[in-house]
Amino acid sequence: MDGVIKFVRTIGTARLAAMGAVAVGLVGFLIFLMLRLSQPQLAVLYTDLTFNDSLQIVKKLEGMNVPHEIRQDGSIILAPRENVLRLRMEMADSGLPAGGTVGYEIFDKADTLGATSFVQNINKVRAIEGELARTIRVLRQITMARVHLVLPKRKLFGRKSREPSASIVVKTRGELDPGQIKAIQHLAASAVEGLKPGRVSVVNENGRLLATGREDGAQPGGREFEERNRATERRMRKEIEDIVASVVGNGRVRVRVSAEMDYSKITKTTDVYDPDGQVVRSTQSREESANATTPTGNDGVSVGNELPAANVEPGGDGSQRENSSTTEEVINYEISRTTRTETAEGGRIKRLSVAVLVDGIYQKDAQGAVTYAPRPEEQLAQIGALVRSAIGFTKDRGDQVQVVNLRFAETEAPALADGAPQGWLDSFMSMSKDDYFTIAELTAIALISLLVLLMVVRPLVRRIVTPEQNAPELTALAAGDKPLLAGPDGQPLPGGELALPPPSSPMEENMKNARAAGDVQARAVDDVGESIKNNPEEAVTIVRDWIQQTA
């Protein structure tokens with residue numbers, strides 16, 4: 001303990017306080033780092049929440065003792081990354097989030113037993129709208145959905161009834177293609193009795209009309225024609241890029257497709273008669289015979305005798321007998337006929353123009369440098385053949401396909417032909433956004449720690465551990481000699497003059513100078529007093545001379 005007490009006294013109060021401050025700061029900083037790094041990584045649990053859903057979810061998380069964080073006024077809730085899926089399943093089991101809509105749980109209330117039919121019908125419509133909105137929000141690109149249904153009632157004595165209709169407002173991430181819009185229409189139409197997909201209108205959050213809600217037989221507008229044309233071009237471009245990239249490598253092909261479409265609707269009816277395909281449809285035969293006897297007059301002339309085909313036979317009594325027969329046959333033939341009706345819907349490809357730009361070949365030479373070489377013409381011809389087969393090339397239609405090999409303008413040479421990765425850059429670019437945030441956070445903590453050590457801890461530690469320099473002592477060599485200043489090693493300084501070592505600070509320098517000057521003056525006074533005591537007469541004479549001197 002004596003050693004410790006002596007060490008503490010040697011250090012001094014100021015240094016002891018500085019050491020305590022440094023220790024407390026370091027401990028606090030280390031505790032902060034430990035708490036910050038030991039906190040679980042938070043991930044997004046839900047986004048775009050309503051206030052009621054956010055309130056219910058926070059209550060449930062607090063009841064489960066799950067650490068969480070609320071951002072953007074409760075619209076975003078963060079939870080530990082490893083528990084996100086489990087928490088979502090538990091929330092879904094509790095019916096959360098409801099999205100601010102009411103579904104079939106509206107009928108779970110006990111007070112619905114005495115409700116009127118009007119209230120029950122309203123609740124039914126609300127329940128269907130809420131369930132449809134929840135189902136539409138399941139789609140990946142839909143963040144919010146509102147559904148409004150119009151279900152008209154049939155009049156009591158009316159023969160005609162109005163068809164139901166629906167309007168849907170959606171908030172999306174990006175753009176919806178025509179196929180996704182039709183999927184929403186069919187989804188709503190299949191859930192409501194009597195609702196047709198053509199009676200469902202869809203609008204996005206910007207007020208843009210995605211589906212007009214007219215009947216299926218109506219002709220689409222010019223904007224729909226353009227969207228269908230762009231969809232066809234995107235599909236063909238993707239197919240061409242996939243097949244060409246498998247030959248030249250990913251990122252080393254550019255494809256542009258221009259499709260001219262024909263949206264005219266044509267209905268054609270054709271009747272074909274086959275003269276060789278005669279078929280007896282009906283046959284009608286008629287046969288008549290007649291016998292008549294005519295008495296002979298004076299002149300023996302009768303009308304029957306004058307007929308050309310009359311068969312007149314004389315009778316025994318002088319009369320004439322007439323016999324006649326007629327045969328008639330009618331045959332009706334049916335000629336075979338083929339009736340064909342063709343309806344050509346709009347959306348046929350009228351003409352295609354495809355431009356394919358491919359990069360060259362990169363190889364390493366003997367020195368390891370990457371060199372560029374153009375692709376051979378045979379390979380370009382093979383790529384052109386693949387492209388023509390992929391798009392269904394038709395020469396009579398006027399289709400055009402151009403394959404050109406040019407070097408891409410890049411700051412760095414792309415990957416080699418063998419497809420080897422470029423190193424850490426590819427790994428860094430393949431990270432997710434959460435990985436980037438984690439790296440940035442760790443880098444910031446490391447920089448702050450380094451700055452604290454260099455600018456705060458290091459100067460304080462150096463000041464504490466640096467020993468104080470002892471004040472030089474004045475040593476008198478002999479009585480009557482000029483006092484000299486002794487150095488740190490105890491030896492007198494050369495020159496016989498007062499000299500002080502460089503102080504550690506201006507205040508210490510002034511204190512040391514004042515202390516040294518005081519010691520010199522005290523010794524000088526003592527020497528003068530000793531001289532006066534030994535030589536009083538000479539001292540009196542010197543004093544008298546000083547008094548007599550004029551000022």
(request) State the CD1-CD1 distance between Ile383 and Ile243, to the nearest 0.5 angstrom. (result) 10.0 Å

(message) Looking at Glu260, I'd like to know if its CD atom is crowded, meaning that more than 12 non-hydrogen atoms belonging to other residues, nucleotides or ligands lie closer than 6.0 Å.
(response) yes

(request) Can you see which heavy atom on Pro197 is nearest to which on Ala189, and at what distance? (result) N-CB, 3.6 Å

(message) Could you check whether atom CD of Glu342 has more than 12 heavy atoms from other residues, nucleotides or ligands sitting under 6.0 Å from it?
(response) yes

(request) Without swapping roles, check the side chain of Arg88 against the backbone of Leu45 for a donor-acceptor pair under 3.5 Å. (result) yes

(request) Could you pull out the closest heavy-atom pair between Ala133 and Val147, with the gap in Å? (result) N-CG2, 3.8 Å

(request) Could you check if a side-chain atom of Arg254 sits within less than 4.5 angstrom of a side-chain atom of Arg237, using non-hydrogen atoms only? (result) no

(request) Using the test salt bridge (charged side-chain N to carboxylate O under 4.0 Å, His left out), find all partners of Arg234 that sit at least two apart in sequence or belong to another chain. (result) none

(request) Check Val403 against Gly384 and note the closest heavy-atom contact, atom names and distance. (result) CG2-CA, 3.7 Å

(message) Using 0.5 Å steps for rounding, measure from the OG atom of Ser54 to the CD1 atom of Ile70.
(response) 5.5 Å

(message) Between Glu233 and Arg230, does the salt bridge (Lys or Arg N to Asp or Glu O under 4.0 Å) criterion hold? Intermediate values first, please.
(response) CA-CA 5 Å; Glu233 293 175 354; Arg230 296 293 178 266; 3.7 Å; yes

(message) Could you check whether any side-chain N or O of Asp177 sits under 3.5 Å from a backbone N or O of Gly179, counting only pairs where one atom can act as donor and the other as acceptor?
(response) yes

(request) Under the side chain to side chain contact (heavy atoms under 4.5 Å, CB included) rule, what do Glu90 and Met64 come out as? Steps first, then yes or no, please. (result) CA-CA 11 Å; Glu90 293 183 1; Met64 299 169 59; 2.5 Å; yes

(message) If only side-chain N and O atoms count, and only distance matters, is there a donor-acceptor pair under 3.5 Å linking Asp396 with Thr394?
(response) no

(request) May I ask you to decide if Ser264's main-chain N or O and Arg348's side chain share a donor-acceptor pair within less than 3.5 Å? (result) yes

(message) Would you say that Arg252 contacts Val358 through its side chain, given a criterion of any heavy-atom pair below 4.5 Å between the two side chains?
(response) no

(request) Any chance you could measure Glu334, atom CD, to Ser336, atom OG, to the nearest 0.5 Å? (result) 9.0 Å

(request) Specify the closest pair of heavy atoms between Arg351 and Arg397, including all atoms of both residues, with the distance to one decimal. (result) CG-O, 4.0 Å

(request) Calculate, to the nearest 0.5 Å, the distance between atoms CG and CD belonging to Leu210 and Glu175 respectively. (result) 8.0 Å

(message) Nearest 0.5 Å, please: how far is CD1 in Ile391 from OG in Ser353?
(response) 9.0 Å

(message) Tell me which pairs pass side chain to side chain donor-acceptor pair (under 3.5 Å) where either residue lies in residues 182-193, with sequence neighbours left out.
(response) none

(message) What I want to check is whether the side chains of Thr172 and Asn204 have a donor and an acceptor closer together than 3.5 Å.
(response) no

(request) For Phe408 and Leu357, run side chain to side chain contact (heavy atoms under 4.5 Å, CB included): C-alpha distance rounded to whole Å, both residues' side-chain angles, the deciding distance at 0.1 Å, then the answer. (result) CA-CA 9 Å; Phe408 286 4; Leu357 177 63; 3.7 Å; yes

(message) Tell me if a side-chain donor or acceptor on Thr143 pairs with a main-chain N or O of Lys171 at a distance below 3.5 Å.
(response) yes

(message) Within the structure provided, determine whether Glu205 and Val169 are in side-chain contact (heavy-atom separation under 4.5 Å).
(response) no

(message) Using every non-hydrogen atom in the two residues, find where Pro67 and Pro80 come nearest and quote the distance to one decimal.
(response) O-CD, 3.1 Å

(message) Tell me whether Arg235 at atom CZ has more than 12 heavy atoms from other residues, nucleotides or ligands lying less than 6.0 Å away.
(response) yes

(message) Quick one, Phe393 with Leu352, criterion side chain to side chain contact (heavy atoms under 4.5 Å, CB included). Give me CA distance, side-chain angles, the key distance, then yes/no.
(response) CA-CA 8 Å; Phe393 181 85; Leu352 283 177; over 6 Å; no

(request) Grab the two heavy atoms, one from Asp359 and one from Tyr372, that are nearest each other, plus how far apart they are. (result) OD1-CE1, 3.7 Å

(message) Between Lys395 and Asp399 (salt bridge meaning N to carboxylate O under 4.0 Å), is one present in this structure?
(response) no

(message) What I'd like to find out is whether the side chain of Val244 reaches to under 4.5 Å of the side chain of Val255, using heavy atoms alone.
(response) no

(request) With the side chain counted from C-beta on, respond yes when Arg375 and Val248 share a heavy-atom pair under 4.5 Å apart, and no when they do not. (result) yes

(request) Could you tell me whether the side chain of Leu176 reaches within less than 4.5 Å of the side chain of Gln141, counting heavy atoms only? (result) yes

(request) Could you grab the distance from atom CG of Leu149 to atom OG of Ser167, nearest 0.5 Å is fine? (result) 8.0 Å

(message) Can you confirm whether Lys265 sits close enough to Thr343 that some side-chain heavy atom of one is under 4.5 Å from a side-chain heavy atom of the other?
(response) yes

(request) Give the C-alpha distance, both sets of side-chain angles, the deciding distance and a yes or no for side chain to side chain contact (heavy atoms under 4.5 Å, CB included) between Glu163 and Lys196. (result) CA-CA 8 Å; Glu163 296 182 354; Lys196 297 180 180 179; 3.3 Å; yes

(message) Would the distance check show the side chain of Thr371 and the main-chain N or O of Gln363 forming a donor-acceptor pair, the cut-off being under 3.5 Å?
(response) yes

(message) Could you tell me if the side chain of Lys124 sits less than 4.5 Å from the side chain of Leu151, heavy atoms only?
(response) no

(request) Please check if the side chain of Glu62 supplies one atom and the backbone of Lys59 the other of a donor-acceptor pair under 3.5 Å. (result) no

